Structure formats: C-alpha cells, structure tokens
Peer 1: 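Below you'll find the structure I mean.
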Amino acid sequence: MENFVVSARKYRPATFRSVVGQQHVTTTLQNAIQSQHLAQAFLFCGPRGVGKTTCARILAKTINCTNLTPETEACGVCASCVAFQENASFNVHELDAASNNSVEDIRSLVEQVRYPPQAGSKYKVYIIDEVHMLSNQAFNAFLKTLEEPPSYAIFILATTERHKIIPTILSRCQIFDFSRIRVDDMRQHLRYVATQEGVGAEDDALHLLAQKADGGLRDALSMFDQMVTFAGNNLTYKDVVQNLHVLDYDYYFRLVDGLLQENLSAALLLLDEVMQQGFDLHNFVVGTAEHLRGLLVCKDAVTVQLLEVSDGIKKQYVAQAQAAPLAFVLSALNLVSQCDREFKQAKNQRLHVELTLMKLAYLNGAVQFVRDVNGPEAAKKKN
Ligand SMILES: Nc1ncnc2c1ncn2[C@@H]1O[C@H](COP(=O)(O)OP(=O)(O)OP(=O)(O)O)[C@@H](O)[C@H]1O
Ligand SMILES: [Zn+2]
C-alpha cells in the first residue's frame, strides 16, 4: 500500500499561479522578479495556514531557477529547481523559530550567510518561520546580518503575529499581508483536491468544510482528510454536519420562523432537540447570532454578497430576511449578543438561553408595540 500523504502536504502549490487567494502577493513578487527589483528582506504576515511558507519556498525556488518561464515561474526542470524539489538545495535554508529560537540557532544560520551560493546560482535564501518566536538575544544577533546582508542573501521572515515584530526589523523588510482565504476560493480548491483524489463530494459538503476552516486552507485540507477517513469516497453534507458536529442551517431557519410567529413553545422545543443531540449550548448561541447576521446582510442587495454560503442556502436566507422586519433582526442580534456575553457567568446556562428565547419570541410583537408608543405621535408630544 502506498504511504498516505496528508492533503495539505501533497497539494502544496509549487508555482505562484497555483497559490489560492493571494494574488496581491504573488503578482507583486513576480513583478519584482521580472523587473529585477527584488528586496533583500521580506516579511510575510498573516493567519495560520494561508500560504506564507508556501510562497516563501516558491520565491526561493523561482529566483534561483536558471530557465524562468515567460510567466515568471520556475521551470521545474533545471538543476537548481530539481535540487530544490528534492530538498537537496544548498541555497535555501529554513529555520523554524518556533522550535529553534536560541542564539546558537540563529548564530549558525548567520555563519552560513558569509558563504556565497553554489556556482550557477544567484541567491542564498533564508526562510525563518514564526520569526516572532526568536528570543531577544537571537533577534539582536540576527539584526546585524539583516542590516548589512551580502548582495546574494535574501531573507524571508514569516509570522502570524506581526505586532510582536520590533520596528527595527519591520523597517528593513518589504511587508506582505496575507489574507484569509475566502470560502468560495477554498471550496473550489477542495473540489480540485477531491477530484484529484477520486472523491465525490456534494457542493454543500465542501462549502461547509470551507466555512468551518475559518480562512485557513491547511485546516480545510486537514478536515477534508478527516472526513474522507470517516465517510469514504462519497462525501455528503450530512456526513460533514455529523462529523464536524455543526448544527444544520435548518435548525436556525426553523428557530427564526418560530420566533417570527411568536411561537415560544416551538423555540423551546427546538432548543431541547438541539441539546438532546449533545450539541454545545454556547455554540448554539453563537450560531444563532451568525444566522441573524446572515439575515441582516440579506436585507440589502449590496451587502448580500457578504454572506458566504452556497446558492441554495442563500435563497433561503433571502426569503427569511424578507419575512423578518429589520427592527426584529437588529433587536434579536442585540439580545443574542447579550446572551453570548453573559453566558459564561450564568449559573444555569440552559435557563439563560431559554430566557433569551422568551424575549426573542415576543420581540416581533414588542417591536411593533415599541414603534407605536415611540412613533412620530409620541415624539410630537414630547416636544
Ligand atoms: N494560499 C494557498 N493556496 C494553496 N494551498 C494553500 C494555501 N495556503 C495554505 N495552503 C495549503 O496549506 C498548507 C500549509 O500552508 P503554509 O505552510 O504555506 O501556510 P502558512 O501560512 O505558512 O502557515 P503557518 O503560519 O501555520 O506556518 C500547504 O501545504 C497547502 O497545501
Ligand atoms: Zn528552473
């Protein structure tokens, strides 16, 4: 049997073009290579698993490639590219500062910098991951090198915590901010991986995975692997709901339907059903807030694009948003946010949520009522 390679590693992009959702970074880097205006130090900032290390490696490979393609990509076949792909290049050094953060670690790297690249190569590239983890001493040892690097040395620093990088480093680097990956881009990438792996998957299943990954593509791919182990080569939306332990949208739609009809008992029974399934109560509160936010953005033809769900579910949102008065959605969001804030302190958390549902169930009527009392007539009287 073949060794199983996790998808996040197997599908690490090898070219700028195949990096998902970071065009602002890849295009700028390619232009710099093309016009030979390469900075000597880069700082890649951004959340976990969005392609910082990946882009650092592609940059390292591309600037040493002896046969660049017209699209400014590494050729993948020259001696330098081959050495790089086999992890045998002497011109690229990687240091993970999360596990190697001592002065000695950085000293041995700095030592290296004095020796020019091997014949035939232009650059020596130093990639330092999680650079904010370097000890103070290590940072200082490194700073000297960064101030006066030999012309062949390129430094690529990566961090998830830009605020921890001292100004002296920041000012010496060209800074790139990596974005969270959009749900839709992620879904498309998951579809690509699924096809490559011979896995059939419902669109909604991939959509939900992408949503749960919260902007990180590595997480999305890990979850995908986990799902396939669990469900086999045919991934349904139900599988994902069950395995990730998320609550189906349907519950939230039913909840709001009930609340709009002032059907308190329906709302309370639904809460009971959710709890019977062993679903976390606080997640339910957060999920309700997200659902209401979904309705809010669907109130407007422009903001509706902020809703990152599949087309089928979007239709459901738009329909429910039309049925729910804006004042109801806003007040409900306030109440649910308050419920969320006070959740940890509540002695009886179920009661706390039930109480919120009661307030919500009478909100629609109350909103009308409040509007009557404080309407234009009431305002006139005050004056
Ligand atoms: N933008 C992206 N396009 C395509 N694949 C990606 C992207 N971002 C992450 N991945 C996938 O996730 C894996 C990990 O990505 P990478 O190591 O580049 O992330 P990172 O931003 O450096 O994360 P960390 O800060 O945790 O080191 C890659 O091997 C790749 O499979
Ligand atoms: Zn090459």
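Just so it is clear, the structure is predicted and the values come from calculations on it, not from any experiment. Read the numbers this way: they start at 1 and go in the same order the structure lists the ligands and their atoms. Side-chain atoms are counted along with the backbone in the values below, which use heavy atoms only and exclude waters and symmetry mates.
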Peer 1: If we only count N/O pairs under 3.5 Å, is Gly51 in contact with ligand 1?
Peer 2: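 Such a contact does occur with ligand 1.
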Peer 1: N/O of Arg9 under 3.5 Å from N/O of ligand 1, yes or no?
Peer 2: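 No - when backbone and side-chain N and O of Arg9 are compared with those of ligand 1, no distance drops under 3.5 Å.
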Peer 1: Please write down residue, atom name and distance for the protein heavy atom closest to atom 13 (C) of ligand 1.
Peer 2: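 The protein heavy atom lying closest is Ala8 O, 3.8 Å.
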Peer 1: Side chains of Thr236 and Asp239 only: does a donor on one sit below 3.5 Å from an acceptor on the other?
Peer 2: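 Yes, side-chain donor-acceptor contact under 3.5 Å.
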Peer 1: Would you check whether Ser18 has a nitrogen or oxygen atom less than 3.5 angstrom from a nitrogen or oxygen atom of ligand 1?
Peer 2: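 Among all N and O atoms of Ser18, none is under 3.5 Å from an N or O of ligand 1.
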Peer 1: Could you list the atoms of ligand 1 found under 4.0 angstrom from a heavy atom of Arg48?
Peer 2: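 Atoms satisfying the 4.0 Å criterion: 23 (O), 25 (O), 26 (O).
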Peer 1: Decide, yes or no, whether a salt bridge links Arg187 with Asp203 under the criterion of side-chain N to carboxylate O below 4.0 Å.
Peer 2: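 Here Arg187 pairs with Asp203 in a salt bridge, since their nearest N and O are under 4.0 Å apart.
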Peer 1: Check whether the side chains of Ser222 and Asp219 place a donor and an acceptor atom closer than 3.5 Å, and report yes or no.
Peer 2: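 Looking only at side-chain atoms, Asp219 and Ser222 do not form any donor-acceptor pair under 3.5 Å.
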Peer 1: For ligand 1, is there an atom lying under 4.0 Å from some heavy atom of Ala158?
Peer 2: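 The answer is no, since Ala158 has no heavy atom less than 4.0 Å from ligand 1.
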Peer 1: Run the salt-bridge test on Arg350 and Asp272 with the 4.0 Å N-O cut-off and return the result as yes or no.
Peer 2: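 Looking at Arg350 and Asp272, the cut-off is met.
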Peer 1: Among the heavy atoms of Glu130, does any lie under 4.0 Å from an atom of ligand 1?
Peer 2: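 The answer is yes, since Glu130 has a heavy atom less than 4.0 Å from ligand 1.
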Peer 1: Identify the closest protein heavy atom to atom 4 (C) of ligand 1: which residue and atom is it, and at what distance?
Peer 2: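 Residue, atom and distance for the closest contact: Pro13 CG, 3.3 Å.
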Peer 1: Below 4.0 angstrom, N of the basic side chain to O of the carboxylate: do Lys238 and Glu202 qualify?
Peer 2: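 Looking at Lys238 and Glu202, the cut-off is not met.
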Peer 1: Starting from atom 7 (C) of ligand 1, locate the nearest protein heavy atom and write down its residue, its atom name and how far away it is, to 0.1 Å.
Peer 2: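 Nearest protein contact, heavy atoms only, for atom 7 (C) of ligand 1 is Leu217 CD2, 3.5 Å.
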Peer 1: Is Thr160 touching ligand 1 with its side chain, its backbone, both, or neither, if touching means heavy atoms under 4.0 Å apart?
Peer 2: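 The answer is the side chain.
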Peer 1: Side chains of Asn87 and Ser89: is there a donor and an acceptor less than 3.5 Å apart?
Peer 2: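 Not at all, the side chains of Asn87 and Ser89 share no donor-acceptor pair under 3.5 Å.
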Peer 1: For ligand 1, is Gly49 a contact, meaning one of its heavy atoms is under 4.0 Å away?
Peer 2: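 In this structure, Gly49 qualifies as a contact of ligand 1 - some heavy atom is under 4.0 Å.
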Peer 1: Using a 4.0 Å cut-off to any heavy atom of Lys52, which atoms of ligand 1 qualify?
Peer 2: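 Counting atoms of ligand 1 from 1, those under 4.0 Å from Lys52 are 18 (O), 19 (O), 20 (P), 21 (O), 22 (O), 23 (O), 24 (P), 25 (O).
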Peer 1: Sub-3.5 Å donor-acceptor pair from the side chain of Gln85 to the main-chain atoms of Gly76, do we have one?
Peer 2: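 Checked: pair present.
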Peer 1: Has the side chain of Asp185 got a donor or acceptor atom that lies under 3.5 Å from a matching backbone atom of Val20?
Peer 2: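 It does not hold such a pair.
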Peer 1: When you compare the side chains of Ser121 and Asn91, does any donor N or O come within less than 3.5 Å of an acceptor on the partner?
Peer 2: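 Ser121 vs Asn91: donor-acceptor pair found between side chains.
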Peer 1: Are Gln277 and Tyr251 close enough that a side-chain donor and a side-chain acceptor fall under 3.5 Å?
Peer 2: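 Side chains of Gln277 and Tyr251: pair found under 3.5 Å.
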Peer 1: Looking only at distances, please establish whether an N/O atom of ligand 1 is found under 3.5 Å from an N/O atom of Thr54.
Peer 2: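 Yes, Thr54 has an N/O under 3.5 Å of an N/O on ligand 1.
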Peer 1: Vertex the Zn ion (ligand 2): angle to SG of Cys75 and SG of Cys65, to 10°?
Peer 2: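 Taking the Zn ion (ligand 2) as the apex, the two atoms subtend 100°.
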Peer 1: What protein heavy atom sits nearest atom 14 (C) of ligand 1, and how far off is it?
Peer 2: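 I find the closest protein heavy atom is Arg218 NE, 3.7 Å.
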Peer 1: Starting from atom 3 (N) of ligand 1, what is the nearest protein heavy atom, named by residue and atom, and what distance separates them?
Peer 2: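 Ranked first by proximity to atom 3 (N) of ligand 1 is Val20 N, 2.8 Å.
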Peer 1: Purely on distance, is any nitrogen or oxygen of Asp129 under 3.5 Å from one on ligand 1?
Peer 2: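 N/O-N/O distance under 3.5 Å: no.
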